[in-house]
Amino acid sequence: MTHTAATATTTAVPPAAATGTAASVATRTGSGRARASLMGLQIVLALFYAFASAAPKLLGLDAAADSFDRIGFGDWFMYLTGALEFAGAVALVIPVLYQVAAVAMIGLMIGATVTQITVFDGRNVATPVILILPLAVIAWARGDSTTALLALLRRAVDRT
């Protein structure tokens, strides 16, 4: 057996990975370092969304208000967007909400991308596009969080 063949057999993805089980998620997130790095990424994104993105909207700062006036939906949309961004930031660091938060934030970033292109002539389109990538990594790697959330919801429903 060559060195390449030996490497291929040790890095092969187990059959569980195709089924979306908890074992496959462990394979997806890898070592303790990979999980810690992923959590670090989630914390950085949560801080960015909470302070750099949501806070100016929730505080009604002039720059945010001017942008939302240009969009044409008014202040209510600015506050809604800020609240959704803040909720997503918080959810990014709550274990059972990791994947749901990442997917929801991807949706917000798709909306921001479309808005940047259609309303602002693409001036800042790179920001939401770039943020989609780490959110997609989190959504993919944290699939076990949705499994845990569904189990939690099933237990709650069974109690009623």
Using the test side-chain contact (heavy atoms from CB on, under 4.5 Å), find all partners of Ala148 that sit at least two apart in sequence or belong to another chain.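 Listed in chain order: Val96.
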Restricting to side-chain contact (heavy atoms from CB on, under 4.5 Å), what partner residues turn up for Leu61, sequence neighbours left out?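 So Leu61 forms a side-chain contact (heavy atoms from CB on, under 4.5 Å) with Pro56, Leu59.
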Considering all heavy atoms of both residues, which atom of [X] and which atom of [Y] are nearest to each other, and what is their separation?
{"X": "Ser53", "Y": "Glu85", "result": "OG-OE1, 2.8 Å"}
{"X": "Met39", "Y": "Val93", "result": "CE-CG1, 4.0 Å"}
{"X": "Leu45", "Y": "Leu92", "result": "CB-CD1, 4.1 Å"}
{"X": "Gly60", "Y": "Ala65", "result": "O-CB, 4.5 Å"}
{"X": "Ala91", "Y": "Ala101", "result": "CB-CB, 3.5 Å"}
{"X": "Leu131", "Y": "Met109", "result": "CD1-SD, 3.9 Å"}

Residue pair [X] / [Y], side-chain heavy-atom distance below 4.5 Å:
{"X": "Tyr49", "Y": "Met105", "answer": "yes"}
{"X": "Thr127", "Y": "Thr113", "answer": "no"}
{"X": "Val103", "Y": "Leu135", "answer": "no"}
{"X": "Lys57", "Y": "Phe68", "answer": "yes"}

More than 12 foreign heavy atoms under 6.0 Å from CZ of Phe120: is that the case here?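 Count over threshold, so yes.
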Could you work out, with ring-ring contact (aromatic ring centres under 6.0 Å, His included) as the rule, every residue matching Tyr98, not counting sequence neighbours?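 Per chain and number, Tyr98 pairs via ring-ring contact (aromatic ring centres under 6.0 Å, His included) with no residue.
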For a quick check under 3.5 Å, do Gln99 and Thr146 share a side-chain donor-acceptor pair by atom type?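 A pair is found: one side chain offers a donor N or O, the other an acceptor, under 3.5 Å apart.
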Which residues end up grouped with Ile117 if you chain together Ile, Leu, Val, Met, Phe, Trp and Tyr wherever their side-chain heavy atoms are less than 4.5 Å apart?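 Via sub-4.5 Å side-chain contacts, Ile117 links to Val125, Val129.
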Side-chain heavy atoms nearer than 4.5 Å, only ILVMFWY residues, links allowed to pass through others: does that put Ile94 and Ile43 together?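 No, Ile94 does not connect to Ile43 through the hydrophobic network.
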With sequence neighbours excluded, tell me which residues meet side chain to side chain donor-acceptor pair (under 3.5 Å) with Gln42.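 Gln42 satisfies side chain to side chain donor-acceptor pair (under 3.5 Å) with Arg142 only.
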Contacts of type side chain to side chain donor-acceptor pair (under 3.5 Å), residue Thr81, not counting sequence neighbours: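 None.
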